[in-house]
2 protein chains.
Amino acid sequence: MTSETGPKTARGRERKGAIIEVAAALMYERGVRATGLEDVLAESRSGKSQFYHYFSSKDELVAAVLEYQLMTVLGELGEFRVDTWRGIRSWFDALLEGQEERGFKGCPVGSLSIELSAGDRLMQGRVADAFSRWETALARAFAAMQARGALDDSARPQILAEATLAAIQGGYLLSTIHRDIAPMRTALTAAFTELRAARPQKTS
Amino acid sequence: MTSETGPKTARGRERKGAIIEVAAALMYERGVRATGLEDVLAESRSGKSQFYHYFSSKDELVAAVLEYQLMTVLGELGEFRVDTWRGIRSWFDALLEGQEERGFKGCPVGSLSIELSAGDRLMQGRVADAFSRWETALARAFAAMQARGALDDSARPQILAEATLAAIQGGYLLSTIHRDIAPMRTALTAAFTELRAARPQKTS
DNA sequence: ACGTGACTGTACCGTACGGTACAGTGCCGC
DNA sequence: GCGGCACTGTACCGTACGGTACAGTCACGT
């Protein structure tokens, strides 16, 4: 996956990276369809020919942006010990902080995905894959907790991951719509409570 | 609000209604920005001049569609006794059924709102208002349950409504992305469990 | 030195789309 | 029967946008 047959060799990589970063920022702010190629190129100081040298279409750029945003999110996730209660809490706090700092513009992966999942099959698949990777990362952490005895044997990591991610995305959505962090905090608090409810029962 | 200075008088109302319905369906399926006026007009068998007789811009049509979709959702909500446990469950089941029947295309209000909340202030306000009305409807039902003693005195209806709506929206999102009802069912089950946890405690 | 291939600049094309202009048509009260 | 107004049909405009063509330039291996 990371091999990707890196189709360039030099500062070209830098250029391509710059285009992706600018596109990610713009698409995050305005939406994919509302972001024109020309906007991206102007802000990254590139020309059309550069763009079409590195990408074969706007869709390909969008796919790269999706991957980029997913890596950002997974990267942040990786900075926390999400297989501990404290770690989960810290991660949730970081999500809240990020949403507030970025001006309540929503989840970089989620908002992108919603727009893209109305597209063609290929794009739908890419989006579904991105979310699966996020879910799997979470499920693995929960499985580790379960193995350690921090979660009840009856808990199902995959299910917990789904519910957690749903709460996160729902929280982002409400927060974005209301331009207010409170509903997202509510959603994440509820998600945390629900996770804690899956701790081992002492009925032995 | 419902007075709206009904700007027409006759079958014109029918025409306008038809345009809104077609637009709602198309925008639900493809997204707002991906739906052209010409598509809407073709399918509703209207001309440009009709359209601009009834609406002053595409944005105004979008606002009408948002209102239409909100009314649909609130209308469906109203068909259930959401101030009872059985009613809530039935409503959740209906949401799941609807999402499946419509081909996993997401929440008619939610997906619209996400796209629109990247627009201008006016549109953002309309979206926030729509969601507030949905939240309020839920919060009122929960308040009624609380008054009846079905919810603990310490529960806060507004908070419960936020968390519930977040779970619903998050569930819709995951379900739409994966083209699968399971994650939404997981999210709604979790939301229901969390609501049940707010039943009166017998510690007294 | 020179040729090859990665990269860059500029100009252009086709089309889709939101919006406008304008000339009607048919219903309704008087 | 006629004036006015709600409504309808058609043709058109300006622009934005994704994508292409093509002519370079620059780095580097030989």
Side-chain angles (χ1 to χ4, degrees), chain A residues 4-27 29-66 112 115-116 118-120 122-123, chain B residues 4-27 29-66 112 115-116 118-120 122-123:
Chain A
E4 280 201 13
T5 81
K8 65 231 83 356
T9 52
R11 74 193 181 286
R13 224 157 353 213
E14 206 173 320
R15 251 300 153 53
K16 183 171 181 182
I19 292 178
I20 293 176
E21 275 177 45
V22 167
L26 256 37
M27 288 174 180
E29 194 140 337
R30 314 177 185 171
V32 173
R33 215 185 145 108
T35 300
L37 242 34
E38 323 243 12
D39 302 330
V40 174
L41 298 180
E43 195 148 329
S44 67
R45 283 215 252 271
S46 311
K48 273 263 169 74
S49 58
Q50 267 125 312
F51 179 83
Y52 282 100
H53 183 65
Y54 298 124
F55 304 91
S56 70
S57 67
K58 189 185 177 184
D59 263 14
E60 205 178 298
L61 170 64
V62 168
V65 167
L66 176 63
L112 202 60
E115 192 175 348
L116 264 34
D120 60 24
L122 178 60
M123 198 57 87
Chain B
E4 280 202 12
T5 82
K8 65 231 76 18
T9 52
R11 75 192 180 286
R13 225 160 348 218
E14 207 172 319
R15 251 300 152 56
K16 184 171 179 180
I19 292 177
I20 293 176
E21 274 176 47
V22 167
L26 256 37
M27 288 174 179
E29 194 139 337
R30 314 177 187 174
V32 173
R33 214 184 146 107
T35 300
L37 243 32
E38 323 244 11
D39 302 330
V40 175
L41 298 179
E43 195 149 329
S44 69
R45 282 215 255 265
S46 312
K48 272 262 170 73
S49 58
Q50 268 125 311
F51 179 82
Y52 281 101
H53 184 66
Y54 298 123
F55 304 91
S56 69
S57 68
K58 188 185 178 184
D59 263 13
E60 204 178 299
L61 171 63
V62 169
V65 167
L66 176 63
L112 201 59
E115 192 174 349
L116 263 34
D120 60 25
L122 179 61
M123 199 57 90

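Throughout, protein chains are lettered first and strands after them, A, B, ... in sequence-line order, and every chain is numbered starting at 1.
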Query - Lys/Arg cation over aromatic B:F51: B:K58, 6.0 Å, 45° cone - result: no

Report task. Take B:I20 and B:Y54 through the test side chain to side chain contact (heavy atoms under 4.5 Å, CB included) and record every step on the way to the result. Result -> CA-CA 11 Å; B:I20 293 176; B:Y54 298 123; over 6 Å; no

Query raised in the report: Within this structure, what is the OH-to-C1' distance between B:Y54 and C:dG19, rounded to whole angstrom?
Result: 18 Å

Query raised in the report: Looking across every strand, which nucleic acid part, if any, lies under 4.0 Å from A:T35 by heavy atom: base, sugar-phosphate, or nothing?
Result: sugar-phosphate

Query raised in the report: Under 4.0 Å between a side-chain N/O of A:R15 and OP1 or OP2 of C:dT8, yes or no?
Result: yes

Requested in this report: Would you kindly give the CZ-to-P distance between A:R33 and D:dA16, to the nearest whole Å?
Outcome: 16 Å

Query raised in the report: What's the verdict on side chain to side chain contact (heavy atoms under 4.5 Å, CB included) for B:M123 and B:V32, showing C-alpha distance, side-chain angles and the deciding distance?
Result: CA-CA 13 Å; B:M123 199 57 90; B:V32 173; over 6 Å; no

Query raised in the report: What nucleotide among D:dC7, C:dG18, C:dT10 has an atom nearest to a side-chain atom of A:S49?
Result: C:dT10

Query raised in the report: Hey, is the side chain of B:K48 pairing donor to acceptor with the base of C:dG19 inside 3.5 Å?
Result: yes

Query raised in the report: Base, sugar-phosphate alone, or nothing: which one does A:S46 contact when heavy atoms must sit under 4.0 Å apart?
Result: nothing

Query - Short side-chain N/O contact to D:dC7 OP1/OP2 from B:Q50, under 4.0 Å - result: no

Report task. Round to the nearest Å and state the distance from A:H53 atom NE2 to D:dG19 atom P. Result -> 17 Å

Requested in this report: Write down the distance between CG (B:L37) and C1' (C:dG19), rounded to a whole number of angstrom.
Outcome: 9 Å

Requested in this report: Using atom types as modelled and distance alone, determine if a side-chain donor or acceptor of B:S49 lies under 3.5 Å from a backbone N or O of B:G47.
Outcome: no

Report task. Would you mind reading off the distance between B:F51 atom CZ and D:dT10 atom P, rounded to a whole angstrom? Result -> 19 Å

Query raised in the report: For B:L61 and C:dG19, what is the distance between atoms CG and P respectively, to the nearest whole Å?
Result: 10 Å

Report task. Provide, to the nearest angstrom, the distance between the CG atom belonging to A:D59 and the P atom belonging to D:dC17. Result -> 17 Å

Report task. Tell me, with the steps shown, if B:K16 and B:Q50 meet side chain to side chain contact (heavy atoms under 4.5 Å, CB included). Result -> CA-CA 9 Å; B:K16 184 171 179 180; B:Q50 268 125 311; over 6 Å; no

Report summary line: Closest of D:dC7, D:dG18, C:dG19 to the A:E38 side chain is D:dG18

Query - Rounded distance (Å) that lies between atom P of C:dG9 and atom CZ of A:R45 - result: 11 Å

